[in-house]
Q: 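I am attaching a structure below and will ask some questions about it afterwards.
The figures that follow rest on heavy atoms only: side chains count, while hydrogens, waters and symmetry mates do not.
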Amino acid sequence: LFTILLCAFAIIMIVPFIWMISSSFKQQRDVMSIPIQWIPKDPTWDNFKKVLHINSNGKDYHFMLAYWNSIKVSVLSTTVSVCSAMMAGYAFAKLRFRGSNVLFILYLTQMMIPSQLTLIPRFVAFSSLNLTNTHFSIIAPKLISVSATFMMRQAFMGVPNELRESALIDGASEWRTFFNVPQITPTMGDLATTQFLDSWNSYLDPLVFLPDWRLQTLPIALNQFVGEEGTAYNLVSAACCLTVIPVFIVFLCGQKFFV
């Protein structure tokens, strides 16, 4: 019974996704036809061309530029977050220094503060440094990710101390020991996947820090597109499909790291 309910729930969740893909290849008149045409009679790529402004005379929504901005911000944010979390996690797990436990507890208390509460202080700080309206204002906060650091610390805690001690005895430096811990690869892959998805879907920070349309990311561009083309469901479906493609690819590549 549980399996049947689970399959039914999965079908209910996937039906809107299939309808979106189907509608993205339809003419506007066929989108709302009854009965639903799950397989378009006359599939066309024109919807994607209009969204991307390829050989199209319609309005340019700068989707290609927003695509590049999102890829750039997401990749850099993921790299910065994973690297900093790995180093901080290793330090908290393996390097013993005075006050390390207290510092880690203070570090964890940041998880109780919603990110929305720090939005105005961050905006004021970046404005005073003339860093607003730059991608740096979106990427820099990823240097400190409490949840990512906690995840990596727990991964390093699972590595026996004897491995580190034997490496140090054999003459390996702390950095070499840090870079040669194979047991953390699954956690690192899991973290990279979740951080990329978080950066890719981020809406509030780009909306506040990036008023220039040339710097805006895909969620902002998609929201503006839906606002102006809300009744053209074939175009909206095509835009949503384009937005989901990188997420789908990253999740397929990173799903083996999820337990």
Side-chain angles (χ1 to χ4, degrees), residues 1-48 50-52 63 66-67 70-71 73-75 77-78 81-82 85 111 114-115 145 147-148 150-152 154-155 158 184-206 217-223 225-227 229-259:
L1 179 61
F2 177 77
T3 303
I4 296 175
L5 292 176
L6 190 62
C7 291
F9 182 76
I11 293 174
I12 293 174
M13 291 294 102
I14 202 174
V15 163
F17 185 72
I18 296 175
W19 184 87
M20 179 186 71
I21 297 175
S22 175
S23 299
S24 65
F25 291 97
K26 293 179 180 178
Q27 301 288 344
Q28 186 171 358
R29 64 178 181 274
D30 298 328
V31 174
M32 304 302 291
S33 62
I34 301 296
I36 299 176
Q37 300 177 12
W38 294 106
I39 301 178
K41 293 181 179 179
D42 301 311
T44 176
W45 291 93
D46 290 342
N47 297 328
F48 295 95
K50 290 179 181 178
V51 172
L52 298 174
F63 234 72
Y67 226 99
S70 284
I71 293 175
V73 169
S74 298
V75 171
S77 296
T78 301
S81 178
V82 172
M111 297 182 68
S115 60
S145 178
S147 58
F150 177 76
M151 183 183 298
M152 294 308 304
Q154 297 306 110
I184 66 165
T185 301
T187 305
M188 186 173 61
D190 183 7
L191 178 61
T193 302
T194 54
Q195 289 296 316
F196 181 89
L197 297 181
D198 179 67
S199 298
W200 183 267
N201 295 324
S202 178
Y203 179 81
L204 184 59
D205 283 3
T217 55
L218 206 52
I220 308 299
L222 180 62
N223 181 65
F225 182 84
V226 172
E229 300 287 350
T231 56
Y233 297 113
N234 55 330
L235 297 180
V236 172
S237 296
C240 291
C241 285
L242 290 171
T243 305
V244 168
I245 288 174
V247 175
F248 187 68
I249 294 174
V250 170
F251 184 78
L252 283 181
C253 295
Q255 65 174 340
K256 62 182 179 180
F257 298 114
F258 288 92
V259 179

Q: Can you tell me if I39 has over 12 outside heavy atoms packed within less than 6.0 Å of its CD1?
A: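 At most 12 heavy atoms, drawn from other residues, nucleotides or ligands, come within 6.0 Å of this atom.
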Q: Quick one: pull up CZ in F150 and OG in S145 and give me the separation to the nearest 0.5 Å.
A: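 Separation between the atoms: 12.5 Å.
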Q: How would you list all residue pairs meeting salt bridge (Lys or Arg N to Asp or Glu O under 4.0 Å) that involve residues 195-204, not counting sequence neighbours?
A: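 For residues 195-204: K142-D198.
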Q: Is there a side-chain contact between P219 and N223 in this structure, where contact means two heavy atoms from C-beta onward sitting under 4.5 Å apart?
A: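 SC-SC contact between P219 and N223 ruled out.
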Q: What closest approach, in Å, do L235 and F225 show between heavy atoms, and which atom pair accounts for it?
A: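 That closest heavy-atom pairing would be O-CE2, 3.5 Å.
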Q: Could you tell me which residues satisfy side chain to side chain contact (heavy atoms under 4.5 Å, CB included) with S202, sequence neighbours excluded, listed by chain and number?
A: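 S202 satisfies side chain to side chain contact (heavy atoms under 4.5 Å, CB included) with D205, P206 once adjacent residues are dropped.
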Q: Mind checking the CE-CE spacing from M188 to M152? Nearest 0.5 Å is all I need.
A: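 Going from CE on M188 over to CE on M152, the span is 7.0 Å.
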Q: Please report, to 0.1 Å, the donor-acceptor pairs under 3.5 Å made by any side chain of residues 4-20, with sequence neighbours excluded.
A:
none

Q: Roughly how far, to the nearest 0.5 Å, is the CD atom of Q195 from the CG atom of D190?
A: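 If we round to the nearest 0.5 Å, D190:CG and Q195:CD are 10.0 Å apart.
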Q: Closest approach of S23 and N47, non-hydrogen atoms and distance?
A: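 Scanning both residues, the minimum pair turns out to be O-ND2, 4.0 Å.
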Q: Closest approach of Q27 and N234, non-hydrogen atoms and distance?
A: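 Minimum heavy-atom separation between Q27 and N234: C-ND2, 4.1 Å.
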Q: D46: what forms a side chain to side chain contact (heavy atoms under 4.5 Å, CB included) with it, not counting sequence neighbours?
A: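 Here the qualifying residues are T44, K49.
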Q: I'd like to check the ring-ring contact (aromatic ring centres under 6.0 Å, His included) partners of F25; sequence neighbours left out, ordered by chain and number.
A: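 Scan of F25 (ring-ring contact (aromatic ring centres under 6.0 Å, His included), adjacent residues dropped) gives W45, F48.
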Q: Checking side-chain contact (heavy atoms from CB on, under 4.5 Å) against W200, which of V250, T78, V73, I71 comes through?
A: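 Testing W200 for a side-chain contact (heavy atoms from CB on, under 4.5 Å) against V250, T78, V73, I71 leaves exactly one candidate, I71.
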Q: Quick one, T217 and Y203 - any side-chain contact, counting heavy atoms below 4.5 Å?
A: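 T217 does not reach Y203 side chain to side chain.
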Q: For residues 236-247, please give each side-chain donor-acceptor pair under 3.5 Å, one per line with the distance, not counting sequence neighbours.
A:
| unit_1 | atom_1 | unit_2 | atom_2 | d |
| --- | --- | --- | --- | --- |
| S237 | OG | Y233 | O | 2.7 |
| T243 | OG1 | A239 | O | 2.9 |

